[in-house]
Amino acid sequence: MSESDRNPLIISSLVKAITLLKAFDEGNAVLGISDLVRITGMEKSSVQRILATLYSEGMLNRDNHSRRYRLSNQWLHMAYAHYIAEPLTSQVMPRLFALQQQTGQSFNLAEICGTSIIYSVRLPVQRTNFEGTLVGRTHPALNTSGGRAIVSTWDAAAREEAAQNWPLTEYTPRTTVDRTEIAELVEQARQDGYALSVQEVLLNEIGIAAPVKSATGKARAAIHCSVSMADWSLERVRKEIAPILVDAARTFFDPGEED
């Protein structure tokens, strides 16, 4: 039995609309009716009605030639409202700008989103590729230094559950996909106060992240820096970036811990 069946307060038609909207993602930015039926498993008539409603309300754009849909810029308006309402963003932005000026490197704020991390603040540099400049991009949390830093602050049972069951994607030949090694990397992050990834999402890139903790010591976000291995060794990252990143993370207070 689904949550919508158990809870009389949940509106099933709204759940269907949200399910349909979630089908629009990085790999499915433009979708037609048949695509949405296939992805969501919903009946064609339901998909058609929901699409017509969302289009009429300005939440979707439609190509009149291909009859395919994409998210409209109304979602950017909602994203702006999220930033205004999110207290962590206003804390983090000025300090990340200062860190970027100090080091000349790329800095981000990564937040946990289910079993993934989502980048909610991005301060790129000239070498950053286009996708690396965009907020809203996600990666499986345990493939990233940011995700490992966040999970490292959780209790032992939660760390174990994540290491054993959360999804992983092999982005490069250097991506760690062995779950025992993943668990060890999370434990190392717990001891060090920061997490590292070396060529795991992009070749020739080192990622380092420190968790932003709530009053309980549990994190749902991390500040993250990425550097090029053409200019930085792992030893130099540990010596020069790790201390300032950990120090910066300790100056933030996250009031919005999610269980």
Side-chain angles (χ1 to χ4, degrees), residues 1-89 108-122 124 128-144 146-147 150 162 165-171 201-202 220-221 256 258-259:
M1 182 180 292
S2 67
E3 178 64 19
S4 58
D5 292 326
R6 292 192 298 267
N7 190 337
L9 296 177
I10 291 178
I11 303 170
S12 60
S13 58
L14 183 56
V15 171
K16 290 181 179 180
I18 293 171
T19 299
L20 187 147
L21 287 169
K22 286 182 176 179
F24 292 89
D25 59 21
E26 185 176 347
N28 297 290
V30 182
L31 295 169
I33 292 175
S34 59
D35 300 317
L36 289 161
V37 169
R38 173 179 51 81
I39 293 169
T40 66
M42 293 164 53
E43 293 182 359
K44 182 177 180 180
S45 59
S46 294
V47 170
Q48 289 177 313
R49 290 196 299 271
I50 293 169
L51 285 174
T53 303
L54 292 170
Y55 176 68
S56 71
E57 292 298 314
M59 307 309 293
L60 294 176
N61 290 333
R62 183 180 64 199
D63 185 307
N64 289 328
H65 176 69
S66 67
R67 311 295 288 181
R68 289 159 68 84
Y69 294 82
R70 58 184 173 84
L71 300 178
S72 77
N73 60 12
Q74 286 293 324
W75 297 99
L76 295 177
H77 176 69
M78 296 176 71
Y80 179 75
H82 163 74
Y83 281 115
I84 294 300
E86 174 53 67
L88 187 58
T89 304
N108 309 289
L109 178 67
E111 298 183 45
I112 203 71
C113 181
T115 60
S116 300
I117 55 105
I118 186 167
Y119 291 107
S120 55
V121 173
R122 311 210 78 167
T128 307
N129 63 27
F130 173 66
E131 290 180 348
T133 68
L134 301 176
V135 298
R137 194 180 188 192
T138 63
H139 291 297
L142 294 182
N143 282 128
T144 67
I150 294 167
N165 298 308
W166 284 16
L168 300 167
T169 297
E170 192 168 357
Y171 289 102
V201 176
L202 289 175
R220 66 178 178 102
E258 297 176 352
D259 295 329

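For clarity, every value in this text was computed on a predicted model and none was experimentally measured.
- Rounded to the nearest 0.5 angstrom, L20 CG and L51 CG are separated by 5.0 Å.
- Shortest non-hydrogen contact noted between L31 and A23 is CD1-O, 3.6 Å.
- When every heavy atom of R62 is checked against every heavy atom of Y55, the shortest pair comes out as NH2-CE2, 3.6 Å.
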Trace of the side-chain contact (heavy atoms from CB on, under 4.5 Å) decision for Y69 with L54: CA-CA 10 Å; Y69 294 82; L54 292 170; over 6 Å; no
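- Legend: residues meeting side-chain hydrogen bond (donor to acceptor under 3.5 Å, both in side chains) with N73, ordered by chain and number and at least two apart, are absent.
- Counting only residues at least two apart or in different chains, side chain to side chain donor-acceptor pair (under 3.5 Å) contacts with residues 16-29 comprise D25-N28.
- Residues satisfying the ring-ring contact (aromatic ring centres under 6.0 Å, His included) criterion with Y171, sequence neighbours excluded, are H139.
- Between P140 and P167, the closest heavy-atom pair is CB-O, 3.5 Å.
- Every residue was checked against the side-chain hydrogen bond (donor to acceptor under 3.5 Å, both in side chains) condition with N143, not counting sequence neighbours, and none meets it.
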Would you give me the side-chain donor-acceptor pairs under 3.5 Å for residues 113-121, sequence neighbours excluded?
residue: S120; atom: OG; partner: E111; partner atom: OE2; Å: 2.7

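- Distance check, rounded to the nearest 0.5 Å: CD1 of I33 to CD of Q48 gives 4.5 Å.
- Remark: side-chain polar atoms of N108 are not paired, donor with acceptor, to backbone N or O of A110 under 3.5 angstrom.
- Note that the CD1 atom of I18 and the CD1 atom of I11 stand 9.5 Å from one another [nearest 0.5 Å].
- Rounded to the nearest 0.5 angstrom, R122 CZ and L109 CG are separated by 10.5 Å.
- Using modelled atom types, no side-chain atom of T89 and backbone atom of Y83 make a donor-acceptor pair closer than 3.5 Å.
- Proximity of N61 to L71: side-chain heavy atoms (C-beta onward) are nowhere separated by under 4.5 Å.
- Once rounded to the nearest 0.5 Å, the distance linking CZ of R68 with CG of L36 reads 9.0 Å.
- Annotation: H77, atom NE2; neighbour count of heavy atoms from other residues, nucleotides and ligands within 6.0 Å does not exceed 12.
- D63 is linked by a side-chain hydrogen bond (donor to acceptor under 3.5 Å, both in side chains) to nothing, counting only residues two or more places apart in sequence or in another chain.
- To the nearest 0.5 Å, atom CD1 of residue I112 and atom CZ of residue R220 are 11.0 Å apart.
- Summarising the local packing, CD of E170 is surrounded by more than 12 heavy atoms from other residues, nucleotides or ligands at distances under 6.0 Å.
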